[in-house]
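To start, the structure under review is shown below, and the notes come after it.
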Amino acid sequence: MKMLARLSFYAALLLIFVPAVAAVDSDSSPSLYCQDMLSKASLARFKSALKRHAANEEQQCDWAFALDTLINLPRVTTDVLSYEGGFRISLGQFGDSQYASFNYSYGVFTYDPKRNSVYVIGNQKTSPIAEFPVPEIVRTSDIRKFALAEKPLQLFTEFYNTNRVDTGISNNFRPTGLAKIDNALMLNYINWYDASGSETDTTIIFWNSKDLSNSKAYGPYQLQGAAHAAGWISEIPTELQSLLGGTHIAGSQPFASIISRLSVGPSAFSFDARENVIYAPSGKIPTTSLLDFSLKQILRDKSTYPIVTDVNSTLYNRDGRNKLWTILSNAAYGFIIPNTRTYLTIGFSGGHESGIGYKITQNNGNQCGGQCAKDANDTYPYYWAWDVSDLVKVKLGLMAPHDVEPYDYGLFPLPESIKSVAITSGSFDKYNDRLFISIRNGDNLHAYNRAPLFLVYKVHQ
C-alpha cells in the first residue's frame, strides 16, 4: 500500500509539472492537433508570426484556433442591417443649469441594455451628462410618430470645469465617446481645436453609472494614440479579445479640427478597459494600433492612387476619382459584428461626385464657412467595412495600420425622410443584436431648437 501511495504521489507530480515545463518554450513541438491546425494552408501566412508573438505554446494554439474560426466567418455589408425605427428625447431643462438640456447636443451616447436606457451628453456649451429611458421603438420613417423620452432617469449633471474631476483640458472640450463597463461609465473626449497637436488627456470615468450626480469621477487618463483613439468605444467579441489584444476598441471621432493630429480615416485601437481603465488609477492607457491613418499615409484607394504626391488634391477630390475618403469624411462609430469577420465603421462623407472647395459658394447659393462640396446635395451618410483578419495581421506585425483597406464602402442606409446625414455616435446592443445611432440635428420638429435623433437597426447574423 505504501508503494502504491508513493507511485500515486509521483504520478500526481508528473501531471502537475510536465505540462507546465512543456509549455515554457513556444518553439517546442505543439500537440499533434495544434500542429495540424498550424499546417492549414489558410494559416500558413500567420504561422511564424503566431509563434513569434505568442507568450507560450498554449497561447499560440489558442490564437491558431481562434484565427481559423475567424477566417471561416463571412464578411458582410450593410445588407445585414434592417431599419427598426427610432425615438426622440425631450428638449426640456432637466437640471439647475440653463444648459441642462439635450438641445444643441452633438448626440454622443451609449445604450445600456440592462436598464434599457441611454446615457447622453447634453448641450455642447457645458457637455453635461444624463440618463434617459428608451421609449417604444416605433417602426416608421416619419419622426413625428417617434415616441418621446419625456423625463430622464437621471438629471443632467455637469462635470467639466468643476471640482469633481480634472479632465486636463481647459478649452475647446468636446466629449466623443461613451461606454458602460460593469457599473462604471467611461467617457472619451478631445480638445476639438488642438492647434499644437500636443494634447494627450483623453478619458475620465464615473465609478457609479446609476448615480451620476454623486458618483466619484476619476481622471484624466491618456489613451495611447491621443486624438487618433479618443472617440468611440465598442466591445470586442470575447473569442477575439486575446487575438486582438484587448477587450474594447477605441476609435476616432467626427467634428474635430487640425487634421494633422487626427486619423485621416476610421481607426481602431484595442485596449483592456477593465485592467487599464476602470480598475486602474488614472494615467496612461496602453493600446495596440490596429487601424490608423496619418496625414502622410491617408486612407485612399491604392488602385486609384498608388502614390499620393499632393495630399490636398486627393482629399479635395480635384480629379473627381476619390470615392473612398475626402476632407469631408468623418467616422463616428465602429464595431465588430458578432459571428462575422467584419469591423463596420459608419459616419458621413461628401464631395465624391462634385469635388470640394474652401469657403466657396455652392450651387444653391450657400456661402460655406469652410470646406464643403461644390454641389450642396453631395453629402451623405457613409460606411466603411473592414476585414477583421487584416486587423489581426496588423496585431501580428504582418501589416502596418495604414496598409489596411476596406473591402466595401458606400452610402449608409438612412431613411430618406431624415434630412440630416451627420451620424455622430453609435452603440451596439449585443444582447438583442441592435445598432443604435444618433443623427446630429436630426430632430428638426422645433423651429429654433436642434437636437439629435436616435435610430435603431436590427443586425442579422
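Residue numbers run from 1 in the order of the sequence given.
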Check: [X]/[Y] side-chain N/O donor and acceptor closer than 3.5 Å:
X	Y	answer
R174	Y106	yes
T140	D142	no
T157	R164	yes
S354	D378	yes
N188	T203	yes
N171	Y193	no
T342	Y407	yes
D211	N214	yes
Y99	E158	no
S349	W325	no
Q222	T200	no
N116	Y111	yes

Tell me, yes or no, whether the heavy-atom count around [X] atom [atom1], taken from other residues, nucleotides or ligands under 6.0 Å, exceeds 12.
X	atom1	value
K458	NZ	yes
Q461	CD	yes
D96	CG	no
K323	NZ	yes
K302	NZ	yes

Under a 4.0 Å N-O cut-off, is there an ion pair linking R434 with E84? no
So that I can tick it off, tell me whether D182 and R274 are bridged by a salt bridge, with the cut-off set at under 4.0 angstrom between side-chain N and carboxylate O.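 Yes, R274 and D182 are salt-bridged.
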Heavy-atom closest pair, residues [X] and [Y]:
X	Y	answer
A130	Q154	CB-O, 3.3 Å
N366	N364	N-OD1, 3.0 Å
I356	Q371	CG2-CB, 4.3 Å
A230	Q253	O-NE2, 3.0 Å
L262	A227	CD2-CB, 4.0 Å
F454	I89	CE1-CD1, 3.5 Å

Just by distance, do the side chain of [X] and the backbone of [Y] share a donor-acceptor pair under 3.5 Å?
X	Y	value
D194	S198	yes
H53	L396	yes
Y160	I169	yes
Q367	K359	yes
S425	V108	no
Y189	T167	yes
Q59	A54	no

Specify whether [X] and [Y] have parallel, tilted or perpendicular ring planes, treating 30° as the upper limit for parallel and 60° as the lower limit for perpendicular.
X	Y	value
Y382	H352	parallel
W386	F293	tilted
F132	F102	tilted
F428	F335	parallel
W232	Y343	tilted

How many angstroms lie between atom [atom1] of [X] and atom [atom2] of [Y], to the nearest 0.5 angstrom?
X	Y	atom1	atom2	answer
N103	N123	CG	CG	6.5 Å
E136	F87	CD	CZ	12.5 Å
Y119	T110	OH	OG1	9.0 Å
L295	I258	CG	CD1	11.5 Å
E235	S427	CD	OG	10.5 Å

State, with a plain yes or no, whether a side-chain heavy atom of [X] is found less than 4.5 Å away from one of [Y].
X	Y	result
Y409	D301	yes
S270	I236	yes
P452	F109	no
P135	L148	no
K296	H402	no

Aromatic contact between F412 and Y457, with the criterion being ring centroids under 6.0 Å apart: yes or no? yes
Hey, mind stepping through D292 and S263 against side-chain hydrogen bond (donor to acceptor under 3.5 Å, both in side chains) and telling me if it holds? CA-CA 6 Å; D292 191 25; S263 180; 3.2 Å; yes
Face-on cation placement of R440 at F255 ring, 6.0 Å and 45° thresholds: yes
Give the C-alpha distance, both sets of side-chain angles, the deciding distance and a yes or no for side-chain hydrogen bond (donor to acceptor under 3.5 Å, both in side chains) between H460 and S82. CA-CA 8 Å; H460 302 279; S82 63; 2.7 Å; yes
Verify side chain to side chain contact (heavy atoms under 4.5 Å, CB included) between W207 and L185, making sure each step is shown before the conclusion. CA-CA 7 Å; W207 181 248; L185 200 61; over 6 Å; no
My understanding is that only residues two or more places apart in sequence, or in another chain, count here; which of them pass side chain to side chain contact (heavy atoms under 4.5 Å, CB included) with T314?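 So T314 forms a side chain to side chain contact (heavy atoms under 4.5 Å, CB included) with I298, Y305, V308, N322.
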